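Let me begin by presenting the structure, written as structure tokens, before commenting on it.
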2 protein chains.
Amino acid sequence: MSSRSLKIQRPQSLATLVTERIREAIVSGEFTLGEKISEESLAETFDVSRSPVRDALNALQFTGLVEIRPKRGSFVFNPTILDIGQLCEYREMLEREACTLAMRGSREALLEALKALFDEMASAHKNGDTRRYAALDTAFHKAFFEHCSNALVQDAYLLVEARLATIRTVLTAAKKERREASYDEHGEIIDALKKNDMARFEKVLKTHIHRTQAVAVERLSEPDSGGVYQKPDR
Amino acid sequence: MSSRSLKIQRPQSLATLVTERIREAIVSGEFTLGEKISEESLAETFDVSRSPVRDALNALQFTGLVEIRPKRGSFVFNPTILDIGQLCEYREMLEREACTLAMRGSREALLEALKALFDEMASAHKNGDTRRYAALDTAFHKAFFEHCSNALVQDAYLLVEARLATIRTVLTAAKKERREASYDEHGEIIDALKKNDMARFEKVLKTHIHRTQAVAVERLSEPDSGGVYQKPDR
DNA sequence: GACATGGAGATTCCATACAAGTAAAACGAG
DNA sequence: CTCGTTTTACTTGTATGGAATCTCCATGTC
């Protein structure tokens, strides 16, 4: 008996489906940063009424993917350089803590998961599949949270995960030299954790995140590259 | 010329007002833990339609105050002992980090704010005003986040703040012996921070939060005390 | 030309009606 | 009485229309 497709899929609500669809569109770069996305146009595109779209936009606002300006409209988030700095500061803090928890609670499972993802990254890296590499990068860092056994820490990461993934896809994934360094650092992270060398882990993590930040900021500073929709933020 | 009331207050949306009202009702104990709160009944009480109530419940779900079970109804959160453990673990981690950031960025402002709140706590403590003491306790810990200069860390705290405040009001505020110890610990925290002794700060914080946890858990274990609405959780 | 005024268009916000799903009571067979 | 089925009440999920309000542009005044 095949193990998959046994779990029945409950009929999801339209609002949930629409939420996922919009999230994916933003993360994949289908919508550009700062773009206006009105309830009505989305409802038309998905051929549903405005109600579930409204619910979806409200939900996405909490993950920071969408900014709703009352009575004015909804917009894809459009991070400033300052925003990216805060995202990275927050991310560094949270990943450090989540990993510490995970190493305490389920060290083996974590290491195994990281190793598996790292192997996949190797192949994506070799084949130059930037999209896939970005997705695996996202999964790698998410693994800390999946094994940290505290649902709230996971929620705290959900708060920024989608934004980070978007930045990866839209701003930093295309940079080849970053991918090179990034790949090595992931290896170093695993190595440090294997040896229980948390000090080194923290150091590598910091370096790793700072590089991401630098690349994103640099990319943001060249206004007419990468389909970034520049417009006054308010 | 009086300095206040110059800033115009934008008319808030009904959804926002309703959200605040429900939040307050839960935090203050007006609704009991686990109580069912349907869209329709709330709409009736506030004399609005279901739309803004629906938006409000969705928003409150993100702060964990409300659990929405699809097609079944909405319920005030009802933490298990395990939930409280996770809340406290999360809280300890986040307060530690926020305070570290605040001490780096705006040490003086933080200390001043803490001192002011501590003085107020002294009077509330002396007068046996448990409600007020609980509110000041909430404000004291929130101060770390107001001065940490990272909006995301603040958001991460919003994720649990209301739940913690509710637990304080409903489960732990009434315990006199806890208030005694709690008061002293707040003083110790200020003292440690004044001396830049972060190791001691972390230790006191840990003790402080663990005591809160113990009291809440104890209270939760005596089922028929404190208006806790016991019912099967699913 | 600078600035105020007015109105058209676009968009959300809220109310309401209906559809669909869930839980629990009522019922009936054994 | 027990078990399984049907029915009923209740609650949320979705669609849709209209009110409110914001933006932007055109027009007019000085």
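Below, chains carry the letters A, B, ... as their sequence lines are ordered, and counting in each starts from 1. Here the structure is a predicted model, which is why all the values come from computation and not from measurement.
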**Donor-acceptor under 3.5 Å (A/Thr138 side chain, A/Ala165 main chain)** = no
**Asked** If only atom types and distance count, is the side chain of B/Glu95 paired as donor or acceptor with the main-chain N or O of B/Ile209 below 3.5 Å?
**Response** no
**Message:** Given the ring of A/Phe75, does A/Arg69 sit roughly above its face, with NZ or CZ under 6.0 Å from the centre of the six-membered ring and within 45° of the axis?
**Reply:**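 Yes; both conditions hold, so A/Arg69 lies above the ring face of A/Phe75.
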**Item:** Under 4.0 Å protein heavy-atom contacts per nucleotide of nucleotides 10-17 of chain C, with B for base, S for backbone only and - for none
**Value:** -SBBSBBB
**Asked** Mind checking what makes salt bridge (Lys or Arg N to Asp or Glu O under 4.0 Å) contact with B/Glu40, not counting sequence neighbours?
**Response**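 Partners of B/Glu40 by the salt bridge (Lys or Arg N to Asp or Glu O under 4.0 Å) criterion come out as none, since no residue qualifies.
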**Request:** Report the relative orientation of the aromatic rings in B/Phe62 and A/Phe62; use parallel for angles under 30°, tilted for 30 to 60°, perpendicular for over 60°.
**Result:**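 Ring orientation of B/Phe62 relative to A/Phe62: parallel.
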